[in-house]
Number of protein chains: 2
Amino acid sequence: MKISTKGHYGVQAMFDLAQHYGEGPISLKSVAERQGLSEHYLEQLIAVLRKAGLVRSVRGAQGGYILARQPDDIKVGDIIRVLEGPIAPVECVNEEDAEQCHKAESCITRSVWEKVRNSIEDVLDSISLADMCKDAEKAKMNKNYYMYYI
Amino acid sequence: MKISTKGHYGVQAMFDLAQHYGEGPISLKSVAERQGLSEHYLEQLIAVLRKAGLVRSVRGAQGGYILARQPDDIKVGDIIRVLEGPIAPVECVNEEDAEQCHKAESCITRSVWEKVRNSIEDVLDSISLADMCKDAEKAKMNKNYYMYYI
DNA sequence: TTTAATTCCTAGTAGTTTACTTGGTATTCT
DNA sequence: AGAATACCAAGTAAACTACTAGGAATTAAA
């Protein structure tokens, strides 16, 4: 019951781009450094995100990547679906794949996986990159607050 | 974002045992036939469930397996955790593993995975084998109801 | 007491996936 | 021109998946 590093790193990278939204193109090198990830590996992930239309790229020196939409219009679910494929704990509840178990109608275990899928989707589609940035701001302020009293 | 066939088949097998709870030991052969699974492969899964104390076995002819607790006392989450390991979409929110990311406190993406983990756990721990049996009964009655009118 | 049915155990295995690394080429700013 | 970047293709070691194969131990029933 895991997501791979693709989805994991992908969300980190997109969050990083959101935190620098409005500052022009952000180089992958800087993202990789801040997030502690392999730049070459990130390259492969961001290529997928670009082809899916979630980021735009600017080539050449001083180039980099920019979110294709505003941070509040990109949900974590969008990123995960692009990098990990459709959210479906087992194949037979994959909404994007018509080919399902022949006894799907009456399959009771199937309804369990549907509930799991729906709850995952609810969470992932309820959190935008803007939400994450807000949380990061809050965490930072809390830290300063506590530091004030030390 | 998938569970493997271990968890998938394991839940199917346990549900099958629940549906025959009270009928004495149920042979793996019959479970495998009803559920359309490889008996030899199921053997490996049920061995894990037995070692974890979720089923008891009876050896020899007319032997088989029996749920170790009543169907309403076994949750889908119990089965999944035994067969798939702890529920954690990424390793850094694994509750049973102390070794976590050094910046865990302030990691914003981490809190996303925590929310996902919690929602999965909520669903899986809210559904018992008895619940699934009740749903199966209902599905069966609905089918009969519709057949009556055809 | 034999036989058949069953659980239990160990090992092998082909294929897939993961998480990268390597080694470039193309583009653009300075 | 040179440096900084995006873009691209291929390779790879290790782990994992979903089984299969083959047999030993146990027990109810004939």
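In what follows, chains carry the letters A, B, and so on, assigned in the order in which the sequence lines appear, proteins first and then strands, with residues in each chain numbered from 1. What you see below is based on every heavy atom in this structure, not just the backbone, and it leaves out hydrogens, waters and symmetry mates.
Of the two residues near DNA chain C, B/S27 and B/Q44, the one whose nearest nucleotide lies more 5' is B/S27. The residue among A/R59 and A/H40 whose nearest nucleotide of DNA chain C lies closer to the 5′ end is A/H40. The residue among B/Q62 and A/A61 whose nearest nucleotide of DNA chain D is located toward the 5' end is A/A61.
The phosphate of D/dA18 (OP1 or OP2) has no side-chain N or O of B/Y9 nearer than 4.0 angstrom. Close to C/dT18, at under 4.0 Å from its OP1 or OP2, lies a side-chain N or O of A/K6. Neither OP1 nor OP2 of D/dA6 sits under 4.0 Å from any side-chain N or O of A/R50. For C/dT18, neither phosphate oxygen OP1 nor OP2 lies less than 4.0 angstrom from any side-chain nitrogen or oxygen of A/Y41. Phosphate proximity of C/dA19 to A/S38: absent, as no side-chain N or O sits under 4.0 Å from OP1 or OP2.
Between A/P25 and A/Q62 the shortest side-chain heavy-atom distance does not fall below 4.5 Å. Residues B/Y65 and B/V31 are not in side-chain contact: their nearest non-hydrogen atoms beyond the backbone lie 4.5 Å or more apart.
Here the C1' atom of nucleotide D/dC8 and the NZ atom of A/K51 are 8 Å apart, to the nearest Å. Separating the CD1 atom of A/I46 from the C1' atom of D/dC8 is a distance of 15 Å, rounded to the nearest angstrom. If you take CD1 of A/I66 and C1' of D/dT5, they are 14 Å apart, rounded to a whole angstrom. One can place CG of B/L45 at 10 Å from P of D/dC19, the figure rounded to the nearest angstrom. Between A/E43 atom CD and C/dC20 atom C1' there is a gap of 12 Å when expressed in whole angstrom units. Atom CD1 in A/I3 sits about 13 Å away from atom C1' in C/dT18, given to the nearest Å. Spacing between atom NZ of B/K29 and atom P of C/dA5 amounts to 7 Å, rounded to whole angstrom units. In this structure, the CG atom of A/L49 is 15 Å from the C1' atom of D/dC7, given to the nearest Å.
A salt bridge does not link B/D78 with B/K75: every distance from a Lys NZ or Arg NE/NH1/NH2 to an Asp or Glu carboxylate oxygen is 4.0 Å or more. Between A/R81 and A/E121, at least one side-chain nitrogen of the basic residue sits less than 4.0 Å from a carboxylate oxygen of the acidic one, meeting the salt-bridge criterion.
The residue A/L28 sits close only to the backbone: its heavy atoms come under 4.0 Å of sugar-phosphate atoms, none of a base.
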For this session: Could you walk me through whether A/I108 and B/Q19 pass the side chain to side chain contact (heavy atoms under 4.5 Å, CB included) test, one step at a time?
Result: CA-CA 12 Å; A/I108 304 301; B/Q19 286 192 299; 5.9 Å; no
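For B/S57, the side-chain atoms get nearest to C/dC8 when compared with the rest of C/dC8, D/dA28, D/dC19. Nearest to the side-chain atoms of A/Y65 among the listed nucleotides C/dT28, D/dC7, C/dC8 stands D/dC7. Checking D/dT17, D/dA6, D/dG22 against every side-chain atom of B/S4, the shortest atom distance belongs to D/dT17.
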